[in-house]
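Hydrogens, waters and symmetry mates play no part in the numbers below; they use all other heavy atoms, side chains included. Chain naming here is simple, since letters A, B, ... match the order of the sequence lines and numbering starts at 1 in each.
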Amino acid sequence: MDSQLQVYNTLTRQKEVFKPINPPLVGMYVCGPTVYSDVHLGNCRTFVSFDLIYRYLQHLGYKVRYVRNITDAGHLEGDRDEGDDKFTKKAKLEQLEPMEIVQKYTLGFREVMRLFNTLSPNIEPSATGHITEQIEMVKQIIDSGLAYEVNGTVYFDVEKYSKDQNYTILTNRELDDLLANTRELGGQDDKKGRLDFALWIKAKPEHLMRWPSPWGWGFPGWHIECSAMSKKYLGDTFDIHGGGLDLAATHHTNEIAQSQACNHAEPAKYWMHTNMLTVNGTRMSKSAGNGFLPFELFTGNHPLLSRAYSPMTVRFFMLQAHYRSTLDFSNEALEASDKGFKRLMSAVHLLDKLPVAASSDYDVQDLSRRCYAAMNDDFNSPVLIAELFEAVRLINSVYDGKSKLDKQSLDQLQQLINAMVFDVLGLQSEEKSEGDLAGIMDLLIRLRNEAKAKQDYATSDQIRMSLQDLGIQLKDSKTGTTWDKI
RNA sequence: GGUCGGAUGGCCGAGUGGCUAGGCAGAGGUCUGCAAAACCUUUUACAGCGGUUCGAAUCCGCUUCCGACCUCCA
C-alpha cells in the first residue's frame, strides 16, 4: 500500500491523515439507537457506514475497540426538560413495562444488524446500566462550576462554559447567532440560559424509570449517557467518535462540552458523521412519515416498492454512495443495485473456476493499488466498487478465454477480491444451502449436456426452463455451464 | 429568519482545472441449436449567468432551485 488512510474530520472540516493515539489500538464510539421503536432504514445506513469503517480499520491491522451504545432511558420527547421520556410514553401505548419496550426493540435492532451483516461492536453498553457513572460525571461538572441544580434538575451552563471554551467547535456557528435564533420554549423557566441543557432530570413519583441521585429521584439527560459510557470504556480522549450528521449540532456539541467540563480534555480526535438517507430528496424520518422499515424492504410490503429486496442488495445500495453524501432511496435505484450486486457476486463465484495461463495480460497489482487508494481516501466505497466492476469484467473475460492470468496474478486477484468484497464491504453470498444444491446442479447440467450432444433439444430445454421456473438460471459459455439463483 | 451543504446524462451515484468513474436502463454487434449469461461498441451530462485561465463541469462571484441543522431524530 502506498497511500495513507485519510479521514474527514468534522472538527477541522477537512481530510486528515489518520493517526491513532496508541497504535495499533483504535478507540471508536458510535452513537447507537434509541430503542423505543423499530429502527428505520435511515438509522441502518449510519450503522452500515460505521461497519464499513470498522471493517476497513481492522483490515488495515488496527485493533479496534468499537463501542456502540443502546439508549434505553432519558430520551425526552421534544426539548422540554420535563415529562415522560420516549420509553415511558411508548410503554403506556403498548401497555408494557418500559424495560419490555427496551428489550423488544433492542432484540429487533440486533436482528436487523445481523441481517445487514454488520459486525457486532466490542461493547454495547446501555444507559440504564451506567447510571452511577453518569451521576458521577454530573457531580464533577457541578464541581467544576459549569452546571447548576434547580429544583431537582441539573443544567449545563453553556454561557459560562463558552467563556473559556468554544461551545460551537463542531458546527462552527456563532454563539450569538445561536442565542438569537434559538426558540424560546415554554416550561423551562428553571434554566438560566436558553442554550442550557439538562444533565439530570427530576422525575415525578409516578415515573417508572427513575433512580436516586444527590438531587433526588430522576433520570439522566440524553447527552450525558454517551459522555459517561465513552469515558468509561475508551478513556477521556479516544480516536473516533461517530454518529449521524443530525447529531452533530446538538448531541455531539453537548457531549464535547460535558466531557471538556468533566475531564478537561477533548473527548475525541476525529469526529465522523454519516449523511442522511433521503426519499424524493427529503430526509427519511419517522415524523415525516417517509420512514422505511427494514422488514418492509425484505418483504416488499410497501406502496413505493415493486418487490422485495434482500438485505445484501440494500447494503450494496448503501455502499454505492459515499457515507458523507446524502443517498436518495427509490425503487428504481434499488432495482439497479440488485442487478449490479448479482453481477458482482456471479463473477466472485467464478473466481475459483478460472483457468491458469502461462502469462498475464492484466496488472492485478495496479488494480489492488487503486482499491486501497479508494478506501484510503476517506473510505470511498463507491470508487472501490467501481474498481471491483473492472475486476468483474476481467474475471468474465478470463473465463471466456479472452484474457489470461498466470498463477501468481490469479492468486493475487482472488485474495484481493475476497478481502474487498467479504472483509471490507461486508457483502455475503445469499445462496443458502448452496452446498446441497451444487451436487444436484452438477447432475442436471451433465444430463442437459448429454441431451444437447444428442441434439435432443426438447429435453435440454425442458431442464433449462424448469430450472428457470425454480429460480435458477443456467449460463452457457465456451468453458462450460454455470448457474445462479435469480 | 440564522448557519451550513448541494444542484452531474432516463434513474442512482463517483470524481477532477486539460486524460471526461461505476451500476441500472436504452441502442447495435459477437458468441450460441434456441434462450439467457458473458464480452465488445455506443447515445443522452456536469442548474443558469458572468469572471479568472492557454484551457473549467471542476476555482471565484451572482442568480435560481433543493436539502440539512437551528426542536426529538442515525
Chemist: Start at the 5' end of RNA chain B and walk down; is the nucleotide closest to A:Ser397 or to A:Arg173 reached first?
Modeler: A:Arg173
Chemist: With heavy-atom distances below 4.5 Å as the criterion, would you say the side chains of A:Phe197 and A:Leu199 are in contact?
Modeler: yes
Chemist: Taking only N and O in the side chain of A:Lys402, is any of them less than 4.0 Å away from OP1 or OP2 of B:A38?
Modeler: no
Chemist: Using a heavy-atom cut-off of under 4.0 Å over every strand shown, decide if A:His40 touches base, sugar-phosphate, or nothing.
Modeler: base
Chemist: Both distances below 3.5 Å, Watson-Crick or wobble geometry, any strand: find the nucleotide opposite B:U16.
Modeler: none
Chemist: By the 4.0 Å heavy-atom rule, please label A:Ala336 as base, sugar-phosphate, or nothing.
Modeler: base
Chemist: Using the P atom on both, measure B:G10 against B:A47 and round to a whole Å.
Modeler: 13 Å
Chemist: Tell me the interatomic distance from A:Asp400, atom CG, to B:A37, atom P, rounded to whole angstroms.
Modeler: 13 Å
Chemist: When you get a sec, tell me which of B:G13, B:C34, B:A74 is the closest nucleotide to the side chain of A:Met276?
Modeler: B:A74
Chemist: Any luck finding a side-chain donor-acceptor pair between A:Ser120 and A:Glu124 under 3.5 Å?
Modeler: no
Chemist: Whole Å only: how far is the CD atom of A:Glu387 from the C1' atom of B:G23?
Modeler: 14 Å
Chemist: Just verifying a value: how many Å separate A:Tyr457 OH and A:Gln455 CD, rounded to the nearest 0.5 Å?
Modeler: 4.5 Å
Chemist: Could you measure between the two P atoms, the one in B:U41 and the one in B:G22, and give it in whole Å?
Modeler: 11 Å
Chemist: For the residue pair A:Arg343 and A:Phe389, would you count it as a cation-pi contact if the rule is NZ or CZ under 6.0 angstrom from the ring centre and within 45 degrees of the ring axis?
Modeler: no
Chemist: Determine the Euclidean distance between corresponding C1' atoms of B:G28 and B:A21; express it in Å to zero decimal places.
Modeler: 24 Å
Chemist: For atom C1', what is the distance between B:C49 and B:C12, given to the nearest Å?
Modeler: 29 Å
Chemist: If pairing requires Watson-Crick or G-U wobble contacts with both distances under 3.5 Å, which nucleotide is the partner of B:U52?
Modeler: none
Chemist: Looking only at side chains, do A:Thr128 and A:Asp72 share a donor and an acceptor under 3.5 Å apart?
Modeler: yes
Chemist: Under a 3.5 Å limit for both distances, which nucleotide forms a Watson-Crick or G-U wobble pair with B:A68, could you say?
Modeler: B:U3
Chemist: Regarding A:Asn396, tell me which of base, sugar-phosphate or nothing describes its non-hydrogen contacts under 4.0 Å with the strands shown.
Modeler: sugar-phosphate
Chemist: Near RNA chain B, which residues from residues 340-347 of chain A have a heavy atom under 4.0 Å away?
Modeler: A:Gly340, A:Arg343
Chemist: Using only side-chain N and O atoms of A:Thr250, determine if any of them is under 4.0 Å from OP1 or OP2 of B:C70.
Modeler: yes
Chemist: What is the nucleic acid contact for A:Met465, judged by heavy atoms within less than 4.0 Å: base, sugar-phosphate only, or nothing?
Modeler: nothing
Chemist: Between B:A35 and A:Arg464, counting only base atoms on the nucleotide and side-chain atoms on the residue, is there a donor-acceptor pair under 3.5 Å?
Modeler: yes
Chemist: Within this structure, what is the CG-to-P distance between A:Asp246 and B:G67, rounded to whole angstrom?
Modeler: 17 Å
Chemist: Could you check whether A:Ser49 gets within reach of a base, just the sugar-phosphate, or nothing at all, counting any heavy atom under 4.0 Å?
Modeler: nothing
Chemist: Do A:Thr326 and B:G6 have a side chain to base donor-acceptor pair shorter than 3.5 Å?
Modeler: no
Chemist: Could you tell me the separation between the CG atom of A:Leu447 and the CD atom of A:Gln462, rounded to the nearest 0.5 Å?
Modeler: 11.5 Å
Chemist: Could you identify which residues of residues 104-112 of chain A place a heavy atom less than 4.0 Å from some atom of RNA chain B, listed by residue number, or say none?
Modeler: none
Chemist: Is there a donor in the side chain of A:Gln320 and an acceptor in the side chain of A:Ser337, or the other way round, less than 3.5 Å apart?
Modeler: yes
Chemist: Any strand is fair game: report the nucleotide pairing with B:A57 by Watson-Crick or G-U wobble, both distances under 3.5 Å, or none.
Modeler: none
Chemist: Expressed in whole Å, how much space separates the C1' atoms belonging to B:G6 and B:C24?
Modeler: 24 Å
Chemist: Can you tell me the base-pairing partner of B:A36? Count Watson-Crick or G-U wobble geometry only, both distances below 3.5 Å, and say none if there is no partner.
Modeler: none
Chemist: Please determine if A:Arg68 forms a cation-pi arrangement with A:Phe50, meaning its NZ or CZ atom is less than 6.0 Å from the six-membered ring centre and no more than 45° off the ring axis.
Modeler: no
Chemist: Once you apply the 3.5 Å cut-off to both distances, tell me the Watson-Crick or G-U wobble partner of B:U42, or none.
Modeler: B:G26
Chemist: Nearest whole Å is fine: how far is B:U3 P from A:Leu245 CG?
Modeler: 18 Å
Chemist: Measure from CG on A:Asp176 to P on B:G2 and round the result to the nearest Å.
Modeler: 16 Å
Chemist: Hey, can you tell me if A:Tyr233 and A:His130 have their rings parallel, tilted or perpendicular (30° and 60° cut-offs)?
Modeler: perpendicular
Chemist: Both A:Asp461 and A:Val392 contact RNA chain B. Which one's nearest nucleotide lies toward the 5' end?
Modeler: A:Asp461
Chemist: How long is the line joining OH of A:Tyr323 and P of B:G13, in whole Å?
Modeler: 17 Å
Chemist: Taking the six-membered ring for Trp, are A:Tyr161 and A:Phe156 ring centroids under 6.0 Å apart?
Modeler: yes
Chemist: Have a look at A:Gly281 and say if it touches a base, only the backbone sugar-phosphate, or nothing, with a 4.0 Å heavy-atom cut-off.
Modeler: sugar-phosphate
Chemist: For A:Thr459 and A:Asp456, which I'm curious about, is there any donor-acceptor pair between the side chains at under 3.5 Å?
Modeler: yes
Chemist: Under 4.0 angstrom, heavy atoms only, what part of the nucleic acid is A:Glu335 near: base, sugar-phosphate, or nothing?
Modeler: nothing
Chemist: Please state whether the phosphate of B:G23, meaning OP1 or OP2, lies under 4.0 angstrom from any side-chain nitrogen or oxygen of A:Arg393.
Modeler: yes
Chemist: If you compare every side-chain N and O of A:Asn380 against the phosphate oxygens of B:G15 (OP1, OP2), does one of them come in below 4.0 Å?
Modeler: yes
Chemist: Quick one: which of B:A36, B:A74, B:G13 gets closest to the side chain of A:Pro382?
Modeler: B:G13
Chemist: Give the rounded distance in Å between these two atoms: CG of A:Leu327 and C1' of B:A68.
Modeler: 15 Å
Chemist: Starting at atom CG of A:Leu319, determine the distance to atom P of B:G13, rounded to an integer number of angstrom.
Modeler: 14 Å
Chemist: Where the side chain of A:Ala249 is concerned, which of B:C70, B:A68, B:G23 is the nearest nucleotide?
Modeler: B:C70
Chemist: Of the options A:Phe292, A:Phe116, A:Tyr309, which is the one that meets A:Phe298 in a ring pair (Phe, Tyr, Trp, His ring centres under 6.0 Å)?
Modeler: A:Phe116
Chemist: If you check the A:Phe389 side chain, which of B:C34, B:A21, B:G22 turns out closest?
Modeler: B:G22
Chemist: Taking OP1 and OP2 of B:A37, is either one under 4.0 Å from a side-chain nitrogen or oxygen of A:Thr482?
Modeler: no
Chemist: Using the rule for Phe, Tyr, His and the six-membered ring of Trp, do A:Tyr457 and B:G33 stack at under 5.5 Å and under 30°?
Modeler: yes
Chemist: Within the side chain of A:Thr118, is there an N or O that forms a donor-acceptor pair under 3.5 Å with the backbone of A:Met113?
Modeler: yes
Chemist: Taking the side chain of A:Lys475 as heavy atoms from C-beta outward, which of B:A25, B:A36, B:C70 is closest to it?
Modeler: B:A36
Chemist: Tell me what A:Asn275 touches on the nucleic acid: a base, only sugar-phosphate, or nothing, going by heavy atoms under 4.0 Å.
Modeler: base
Chemist: Regarding A:Tyr54 and A:Asn122, do their side chains bring together a donor and an acceptor under 3.5 Å, going by distance alone?
Modeler: yes
